[in-house]
Amino acid sequence: MENKDTQPASNNFIKSIIIEDLKNNKNNGKVHTRFPPEPNGYLHLGHAKSICLNFGLAKEFGGLTNLRFDDTNPVKEDVEYVDSIIEDVKWLGFDWGDRLYYASDYFDKLYEFALQLINDGLAYVCEQTPEEVKLYRGTLTEPGRPSPFRDRSIEENLELFKKMTNGEFPDGSRTLRAKIDMSSPNLNMRDPVIYRIKKATHHRTGDKWCIYPMYDFTHGQSDMLEGITHSICTLEFEDHRPLYDWYLDVLKTPCHPQQIEFARLNINYTVLSKRKLLQLVKEGYVNGWDDPRMPTISGFRRRGYTPQSIRDFAERIGVTKAESTVDYSVLEFCIREDLNKIAQRAMAVVNPLKVTIENYPEDNEDYLEAINNPEDSNSGTRKIRFSKTIFIEKDDFMEEPPKKYFRLAPGKEVRLRYAYFITCKEVIKDENGEVVELICTYDPASRGGNSPDGRKVQGTIHWVSAEYGKQAEVRLYDNLFLAEDPDNVEEGKTFLDNLNPNSLTTINAWVEPMLLQAKPNDKFQFERVGYFCADAKDSIDGKPVFNRTVGLRDSWAKMMKK
RNA sequence: UGGGAUGUAGCCAAGUGGUAAGGCAUCGCCCUUUGGAGGCGACAUUCGCAGGUUCGAUCCCUGCCAUCCCAGCCA
């Protein structure tokens, strides 16, 4: 049964942990993970890594994955975000079955846990102001001091917590705190807040609560309640693990999930932080969370990326505890590889130069056959009408070509893809000396792209009929940021100073007529140019707008750079 | 200067007490009606540094260096 296609991907340290757990029959041989976003923004590629990890691991080991919204802070959260998250995880191709949960589903249980801690003398109501709490917490190098409210009686704590719950105190005036260790070298253990007062309307529980549990008091217990076995999160939570474990220990819960941390994803030429992405949206640097330049899942979707390409990316980059920045080229490789297999080919001229073929008859009914996708023998062919005047790419002509330039030049012959050999006879310029038109001749015997005399033509260029072609809006995208690391800025500057002012160029291209039938999200390769998809929002029936997903590899451009 | 982590090629990343996988990028060559795709080849005498243990260390030990995270009533 050994088969190349089914061979498991290489191991990472989390898989190794799971394999070991399975060997020891820990958790009765079960693997259950969860993806727990806070609904306070759209998902980005960093989340995609986590999603693929969590769902991928469970799938590989025959387990399950829950989708859980970590919605413990009503002032930052919104249903718009939960909707977008659900859509994005689905689009990536993952299924949580009927296990869609919210941390807010557990508010009653978490409240009971808090009561239990108070009754066990492990939690107290603190009346320090936020400033006092901060002051008493100490610093990285100095221990903290106990709050003066630390040793209240259980009865008093119960009474005060009840009043907190009933809304008898203003926001910020009290907190419920765990009684742990004010001199712990781990700041998280210096009597962390369990509940805080926030008279805010929650997107699910409405005004039922005016106190809300903190992340640390919520996450482990939620994992436990759902029977999560492996709670995978990012490195910045390493310091929280002792607290995660402490709550589950003192609460004497029936099971105790294992928190495992991995390094979050960084990619060059972009930012992956909800706060910064929110700022780009709010301040109008991009056109929404799904702007095709955004590193959000919805942005990539709109840009023309496929779920397969993103899953492949997540698999290729690996999972470790080492901070790293993945090169953008890996992502581009993934999408090109997928699109090369599935994208229908088409001809489009992005930067047109008119060509008149002087010996070609007017009004000739001449339909040429073009292959829809050379990588897919089932994709068939289509007919494209040829004409006396056509457009070619400006780049495909040079008056004084360098060595090894295979394209059109005065006196040189080139192949028009799927059509004829043409030879450049005359160059017409405007008053500024700019080339505006080429006069060529064609060889009727070369129809289809081969000459019966067997003569070789090095270059093949694409074209669109000036008579039968159509025009369409095309959006060319470039990196959102000019700097490899947008956050690496000098004093007084921010990542915004690294924004690329030319990240979007909108042009009108000449395209073969078939392209006007493109439906939203349809993906094409414009031959020799790049991969494009019909924009999901701005395309209208019969009038698509094309987004450039990614350019084709261009070894000629590389050669010219040297 | 407290605590927690990390360091293998330009970028990711396997790996083990027995002589450094793989991918991306890069560079050659072949092939090609996309300068695309594809094929073939090159690319770490060395694993942050310095010692030690060992027949043998990237792996074990000691020390050092560098980087990241933590002082929200955010997650």
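Throughout, a chain's letter reflects where its sequence line sits, starting with A, and its residues are numbered from 1. These values consider heavy atoms only, across backbone and side chains, with no hydrogens, waters or symmetry-generated copies.
The gap from the C1' atom of B:rA25 to that of B:rU34 amounts to 22 Å, rounded to the nearest Å. With both ends at atom C1', the span from B:rG17 to B:rU53 equals 12 Å, rounded to whole Å. Nucleotides B:rC65 and B:rC27 are separated by 40 Å at their P atoms, to the nearest Å. Distance check on atom C1': B:rC43 versus B:rG22 gives 14 Å, rounded to whole Å. For the C1' atom pair drawn from B:rG36 and B:rC69, the interatomic distance equals 44 Å after rounding to whole Å. Atom name P, nucleotides B:rA20 and B:rA44: the rounded distance is 11 Å, in whole Å. Comparing the C1' positions of B:rG15 and B:rC59 gives an interatomic distance of 9 Å, to the nearest angstrom. Comparing the P positions of B:rA9 and B:rC49 gives an interatomic distance of 10 Å, to the nearest angstrom.
In terms of phosphate contacts, A:Thr72 brings a side-chain nitrogen or oxygen within less than 4.0 Å of OP1 or OP2 of B:rA75. Distances shorter than 4.0 Å separate some side-chain N or O of A:Arg137 from OP1 or OP2 on B:rC73. Distances shorter than 4.0 Å separate none of the side-chain N or O atoms of A:Arg316 from OP1 or OP2 on B:rG22. Within the structure, a side-chain polar atom (N or O) of A:Ser555 is placed less than 4.0 Å from OP1 or OP2 of B:rG36. Phosphate contact (OP1/OP2 of B:rC74, side-chain N/O of A:Lys198, threshold under 4.0 Å): present. OP1 and OP2 of B:rC11 both lie 4.0 Å or more from every side-chain N or O belonging to A:Thr325. The side chain of A:Arg415 contributes no N or O atom lying less than 4.0 Å from OP1 or OP2 of B:rG35.
With a cut-off of 3.5 Å on both Watson-Crick or G-U wobble distances, the partner of B:rA25 is given as none. Under the Watson-Crick or G-U wobble criterion, with both distances below 3.5 Å, B:rG35 is left unpaired in every strand shown. The pairing partner recorded for B:rA75 is none, the criterion being a Watson-Crick or G-U wobble arrangement whose two distances lie under 3.5 angstrom. Using the Watson-Crick or G-U wobble rule with both distances under 3.5 Å, B:rG7 pairs with B:rC65.
Residue contacts for A:Asp171: at a heavy-atom cut-off of 4.0 Å it reaches no nucleic acid atom on any strand shown. Contact annotation for A:Gln128: base contact, defined as any heavy-atom pair under 4.0 Å involving a base atom. Within 4.0 Å of A:Gln458, counting heavy atoms only, lies no atom of the nucleic acid at all. Using a 4.0 Å heavy-atom cutoff across all strands shown, A:Ser324 reaches sugar-phosphate atoms only and no base atom. At a threshold of 4.0 angstrom between heavy atoms, the contacts of A:Phe333 are confined to the sugar-phosphate backbone, with no base atom among them. At the heavy-atom level, A:Tyr212 lies nowhere under 4.0 Å from the strands shown. Within 4.0 Å of A:Pro374, counting heavy atoms only, lies at least one base atom of the nucleic acid. At a threshold of 4.0 angstrom between heavy atoms, the contacts of A:Ser329 are confined to the sugar-phosphate backbone, with no base atom among them. Backbone-only engagement by A:Lys558 is indicated by non-hydrogen atom pairs under 4.0 Å involving sugar-phosphate atoms exclusively. Looking at heavy-atom distances under 4.0 Å, A:Asp70 makes contact with sugar-phosphate atoms alone, never a base. Backbone-only engagement by A:Arg553 is indicated by non-hydrogen atom pairs under 4.0 Å involving sugar-phosphate atoms exclusively. If you check every strand for non-hydrogen atoms under 4.0 Å, A:Val319 touches sugar and phosphate atoms only. The residue A:Tyr418 sits close to a base: some heavy atom pair falls under 4.0 Å. Residue-level contact check: A:Thr320 touches the backbone only, with heavy atoms under 4.0 Å from sugar-phosphate atoms and none from bases.
One can place NZ of A:Lys134 at 13 Å from P of B:rC74, the figure rounded to the nearest angstrom. Rounding to whole angstrom units, CG of residue A:Leu368 and P of B:rU34 are separated by 16 Å. A straight line from CZ of A:Phe237 to P of B:rU6 spans 18 Å, rounded to a whole angstrom. Here the P atom of nucleotide B:rG72 and the CG atom of A:Leu243 are 15 Å apart, to the nearest Å. Between the P atom of B:rC31 and the NZ atom of A:Lys456 lies a distance of 11 Å, rounded to the nearest Å. Separating the CG atom of A:Asp223 from the C1' atom of B:rA75 is a distance of 14 Å, rounded to the nearest angstrom.
Along RNA chain B, the nucleotide closest to A:Tyr215 and the one closest to A:Leu416 are compared, and the more 5′ of them pairs with A:Leu416. Across the interface with RNA chain B, nearest-nucleotide mapping of A:Ser16 and A:Glu127 shows A:Ser16 to be the residue nearer the 5′ end.
To the nearest 0.5 angstrom, A:Ile357 atom CD1 is 5.5 Å from A:Ile422 atom CD1.
When each of B:rU34, B:rG3, B:rC11 is scored by its nearest atom to the side-chain atoms of A:Asp327, the top-ranked nucleotide is B:rC11. You'll find that the side chain of A:Leu140 is closest to B:rA71, out of B:rA71, B:rG4, B:rA75. The A:Asn73 side chain lies nearest to B:rA75 when the options are B:rA75, B:rA37, B:rU34. Candidate nucleotides B:rU34, B:rC74, B:rG3 were compared by shortest atom distance to the side chain of A:Glu38, and B:rC74 ranks first. Of the listed nucleotides (B:rG2, B:rA37, B:rG35), B:rA37 has the atom at the smallest distance from the side chain of A:Asn340. With B:rG35, B:rA5, B:rC24 as the candidates, the nucleotide lying closest to the side chain of A:Val330 is B:rC24. Considering only the side chain of A:Asp239, B:rC70 comes nearest among B:rC70, B:rU1, B:rA5. Considering only side-chain atoms of A:Arg417, the nucleotide from B:rA71, B:rC74, B:rU34 that sits closest is B:rU34.
A donor N or O paired with an acceptor N or O is not found under 3.5 Å between the base of B:rG4 and the side-chain atoms of A:Arg241. For A:Glu238 against B:rG3, no side-chain N or O and base N or O form a donor-acceptor pair under 3.5 Å.
Donor-acceptor pairing under 3.5 Å is lacking for the side chains of A:Tyr136 and A:Asp191. Defined by atom type and a distance below 3.5 Å, a donor-acceptor pair is missing between the side-chain atoms of A:Glu527 and A:Gln525. With hydrogens and angles left out, the side-chain atoms of A:Tyr101 and A:Ser222 include no donor and acceptor closer than 3.5 Å.
Residue A:Glu77 comes nearest to A:Asp70 through the heavy atom pair OE2-O, 3.6 Å, listed as atom of the first residue, atom of the second, then distance. Listed here is the closest heavy atom pair of A:Gly46 and A:His44: N-ND1, 2.9 Å. The two residues A:Ile392 and A:Trp463 come nearest to each other via the heavy atoms CG2-CB, 4.3 Å. The nearest pair of heavy atoms linking A:Arg204 to A:Ser104 is CD-OG, 3.8 Å. A pairwise comparison of heavy atoms in A:Pro295 and A:Leu272 identifies CB-CD2, 3.6 Å as the closest pair.
Syn is the glycosidic conformation of B:rG72, whose angle stays within 90° of 0.
The residues A:Arg264 and A:Glu323 are annotated as not salt-bridged, no charged nitrogen and carboxylate oxygen being separated by less than 4.0 angstrom.
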